[in-house]
A.B. asks: 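Before I ask anything, here is the structure I am working with.
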Amino acid sequence: MEVVIRPNAEAATDLVARVMARELRDDPRLVIGLATGRTMEAVYARLVQMHRKEGLDFSACHTFNLDEYVGLPGSHRNSYRHYMNHNLFLNVNVDLRNTHLPDGAAADIEAECERYERLIAQCGGIDLQLLGIGLAGHLGFNEPVSSLRSRTRIKVLSPVTCAQNAPLFTPPDEMPRRAITMGVRTILDARRCLLLATGEDKAEIVARAIEGPVTSMISATALQFHPHCTVVLDEAAAGRLQEVDYYRWIFENEPQWQSYRNGSNASNLDGHPLKPGRRKKEIATVLDDV
Ligand code: GLP
């Protein structure tokens, strides 16, 4: 795991958007896993800006979102389909037919979950999975005691998650109590994971997720199994970490971060030679051996 700490939320967001942009420029057919939540709004705004100002091209990529509320059709203003259309998809040149979310209004939810997993596999798997973290420590909606081997399925939302997300609904008690979410194992199968957390209210759960013991009580701890996971934080979200000096030294000294150290002007200069072996291949995670 790599942990990058930036001075503020804007710089952390900018770095995440630039990592995504670099991956997309390297491979225009990138399969991108996307997340929702307040934190991601700024990431999508930055990607839209890169599309408009720098011609960042989404025309050949595919996207898969982590989750969707059960019972909300895509037309509902609180659905994640609505969120994605308005924050990103309708503002860039992505082909909407290549954008995928679980259908929360599906008549047969179980069949919908299986269809979603199949579709991800048919696209060759997810290359880059963007992630936020909920106050319950969840990835997607993998609430406490989610199996670390779980696949896309239905989950009942925890009280912490309900309290965090209900204010986004009017009235708040209209928030569905169930969601379809990619499983922890589905997320770990992505070739690269990129998690962004900002703000002091995330500091405690971020420290437990990164430096604490792996536990199904906090699904984000499963990222410790991932062979290529980058966590980007602002100072506030990094406030409870023990090894901050170590993380800072790596960011300031390691060559792979060189072009990211000087703020956002370098986004067009981030290009590095195409890595050989970027072809689709299955990453066997440590979980295979468990
Ligand atoms: C929701 C999403 C998560 C996201 C979380 C964080 O619960 N299902 O994928 O990580 O929100 O939200 P915020 O950025 O608003 O803190």
A.B. asks: Would you check if there is a donor-acceptor pair between the side chains of Arg81 and Tyr69 at a distance under 3.5 Å?
C.D. replies: no
A.B. asks: Does a side-chain heavy-atom distance below 4.5 Å link Ser158 with Pro144?
C.D. replies: yes
A.B. asks: Between Asn142 and His138, is there a donor-acceptor pair closer than 3.5 Å when you use the side chain of the first and the backbone of the second?
C.D. replies: no
A.B. asks: Do any N or O atoms from the side chain of Ser79 and from the backbone of His76 form a donor-acceptor pair under 3.5 angstrom?
C.D. replies: yes
A.B. asks: Is the number of heavy atoms from other residues, nucleotides or ligands under 6.0 Å of Met1 CE greater than 12?
C.D. replies: yes
A.B. asks: Under the ring pair (Phe, Tyr, Trp, His ring centres under 6.0 Å) rule, what do Tyr260 and Phe251 come out as? Steps first, then yes or no, please.
C.D. replies: CA-CA 9 Å; Tyr260 290 99; Phe251 183 74; 7.7 Å; no
A.B. asks: Using a 3.5 Å distance criterion without hydrogens, assess whether the side chain of His226 forms a donor-acceptor pair with backbone atoms of Ala190.
C.D. replies: yes
A.B. asks: Stepwise, does the side chain to side chain contact (heavy atoms under 4.5 Å, CB included) test hold for Val92 with Leu56?
C.D. replies: CA-CA 9 Å; Val92 296; Leu56 186 62; over 6 Å; no
A.B. asks: Any idea which heavy atoms bring Arg38 and Gln164 closest together, and the distance?
C.D. replies: NH2-O, 2.9 Å
A.B. asks: Quick one: OG1 on Thr198 to CD on Glu10, what's the gap to the nearest 0.5 Å?
C.D. replies: 11.5 Å
A.B. asks: Phe89 and Leu34: side chain to side chain contact (heavy atoms under 4.5 Å, CB included), yes or no, with the steps?
C.D. replies: CA-CA 11 Å; Phe89 298 154; Leu34 294 173; 3.7 Å; yes
A.B. asks: Give a yes or no on whether Leu135 and Leu223 share a hydrophobic cluster (residues Ile, Leu, Val, Met, Phe, Trp, Tyr; joining criterion: side-chain heavy atoms under 4.5 Å apart).
C.D. replies: no
A.B. asks: Do His62 and Leu30 touch side chain to side chain, with heavy atoms closer than 4.5 Å?
C.D. replies: no
A.B. asks: Report yes if the side chains of Pro176 and Leu72 come closer than 4.5 Å at any heavy-atom pair, otherwise no.
C.D. replies: yes
A.B. asks: At their closest point, which heavy atom of Lys202 faces which heavy atom of Ala197, and how far apart are they?
C.D. replies: CB-CB, 4.4 Å
A.B. asks: To the nearest 0.5 angstrom, please state how far the CE atom of Met40 sits from the CG atom of Leu196.
C.D. replies: 5.0 Å
A.B. asks: For the residue pair Glu2 and Gln256, confirm or rule out a side-chain donor-acceptor distance under 3.5 Å.
C.D. replies: yes
A.B. asks: Between Tyr80 and Val70, is there shared hydrophobic-cluster membership here, with clusters defined by ILVMFWY side-chain heavy atoms closer than 4.5 Å?
C.D. replies: no
A.B. asks: Less than 4.0 angstrom from a charged side-chain N to a carboxylate O is my criterion; do Asp127 and Arg191 meet it?
C.D. replies: yes
A.B. asks: How long is the straight-line distance from OG1 of Thr99 back to CZ of Phe58, given to the nearest 0.5 Å?
C.D. replies: 12.5 Å
A.B. asks: Is any side-chain N of the basic residue among Asp27 and Arg29 closer than 4.0 Å to the acidic one's carboxylate O?
C.D. replies: no
A.B. asks: Check whether any side-chain heavy atom of Leu101 sits under 4.5 Å from a side-chain heavy atom of Phe64, and report yes or no.
C.D. replies: no
A.B. asks: What's the separation between atom CG in Leu233 and atom CG in Leu241, rounded to the nearest 0.5 Å?
C.D. replies: 6.0 Å
A.B. asks: Could you tell me the separation between the CZ atom of Arg178 and the CD1 atom of Ile109, rounded to the nearest 0.5 Å?
C.D. replies: 7.0 Å
A.B. asks: Determine the minimum heavy-atom distance between Lys155 and Glu143, stating which atoms define it.
C.D. replies: CE-N, 4.3 Å
A.B. asks: Using salt bridge (Lys or Arg N to Asp or Glu O under 4.0 Å), reason through Arg18 and Asp14 one step at a time and then give a plain yes or no.
C.D. replies: CA-CA 6 Å; Arg18 288 167 60 201; Asp14 182 65; 3.5 Å; yes
A.B. asks: Going through the distances and angles, do Val31 and Cys61 end up as a side chain to side chain contact (heavy atoms under 4.5 Å, CB included)?
C.D. replies: CA-CA 6 Å; Val31 180; Cys61 75; over 6 Å; no
A.B. asks: Is it true that Val160 and Leu168 fall in one hydrophobic cluster, defined by side-chain heavy atoms closer than 4.5 Å?
C.D. replies: no
A.B. asks: Would the distance check show the side chain of Ser150 and the main-chain N or O of Ser146 forming a donor-acceptor pair, the cut-off being under 3.5 Å?
C.D. replies: no
A.B. asks: Look only at the side chain of His82 and the backbone of Ser75, and say whether a donor-acceptor pair between them is shorter than 3.5 Å.
C.D. replies: no
A.B. asks: Can a side-chain donor-acceptor contact be found between Thr215 and Arg208 if the only test is distance below 3.5 angstrom?
C.D. replies: no
A.B. asks: I'd like to know if the side chain of Gln49 pairs up with that of Arg46 as donor and acceptor (distance under 3.5 Å, no hydrogens or angles considered).
C.D. replies: yes
A.B. asks: Kindly check if the number of other-residue, nucleotide or ligand heavy atoms within 6.0 Å of CD (Glu174) is above 12?
C.D. replies: yes
A.B. asks: Any side-chain to backbone donor/acceptor pair from Gln224 onto Gly212? Under 3.5 Å, distance only.
C.D. replies: yes
A.B. asks: State, with a plain yes or no, whether a side-chain heavy atom of Phe141 is found less than 4.5 Å away from one of Ile154.
C.D. replies: no
A.B. asks: Any heavy-atom pair between the side chains of Arg6 and Asp234 that's under 4.5 Å?
C.D. replies: no
A.B. asks: Within this structure, what is the CG-CD1 distance for the pair Asp245 and Ile5, rounded to the nearest 0.5 Å?
C.D. replies: 8.5 Å
A.B. asks: Is it the case that Arg248 and Asn253 place a side-chain donor and acceptor less than 3.5 Å from each other?
C.D. replies: no
A.B. asks: Salt bridge or not for Arg240 and Glu204, using N-O below 4.0 Å?
C.D. replies: yes
A.B. asks: Kindly give the heavy-atom pair with the smallest separation between Ala222 and Leu148, and that separation in Å.
C.D. replies: CB-CD2, 4.0 Å
A.B. asks: Okay, side chain of Asn98, backbone of Ala60: is any donor-acceptor separation there less than 3.5 Å?
C.D. replies: no
A.B. asks: Taking all non-hydrogen atoms of both residues into account, name the closest pair between Ile205 and Gly134 and its distance.
C.D. replies: CG2-O, 3.9 Å
A.B. asks: Please check if Val232 and Leu47 belong to a single hydrophobic cluster, counting links between Ile, Leu, Val, Met, Phe, Trp and Tyr side chain heavy atoms closer than 4.5 Å.
C.D. replies: yes
A.B. asks: Using a distance-only test with no angle check, is there a side-chain donor-acceptor pair under 3.5 angstrom linking Arg192 and Thr230?
C.D. replies: yes
A.B. asks: Indicate whether the side chain of Thr186 and that of Arg153 have a donor and an acceptor atom separated by less than 3.5 Å.
C.D. replies: no
A.B. asks: Considering only heavy atoms from C-beta outward, does the side chain of Leu66 approach that of Leu139 to under 4.5 Å?
C.D. replies: no
A.B. asks: Within the distance-only criterion (no hydrogens, no angle test), does the side chain of Asn65 pair as donor or acceptor with the backbone N or O of Asp67 below 3.5 angstrom?
C.D. replies: no
A.B. asks: How about Leu131 and Leu194: do any of their side-chain heavy atoms sit closer than 4.5 Å?
C.D. replies: no
A.B. asks: Would Arg115 and Glu112 count as a salt bridge (Lys or Arg N to Asp or Glu O under 4.0 Å) if you check the C-alpha gap in whole Å, the side-chain angles of each, and the deciding distance to 0.1 Å?
C.D. replies: CA-CA 5 Å; Arg115 181 195 70 86; Glu112 172 58 11; 2.8 Å; yes
A.B. asks: Identify the heavy atoms of Leu157 and Ala179 that sit nearest to each other, and give their distance.
C.D. replies: CD2-CB, 4.1 Å
A.B. asks: List the steps and the verdict of side chain to side chain contact (heavy atoms under 4.5 Å, CB included) for Met20 and Leu130.
C.D. replies: CA-CA 9 Å; Met20 294 178 75; Leu130 179 64; 4.0 Å; yes
A.B. asks: I'd like to know if Leu119 and Ile180 are part of one continuous hydrophobic network [Ile/Leu/Val/Met/Phe/Trp/Tyr, side-chain heavy atoms within less than 4.5 Å].
C.D. replies: no
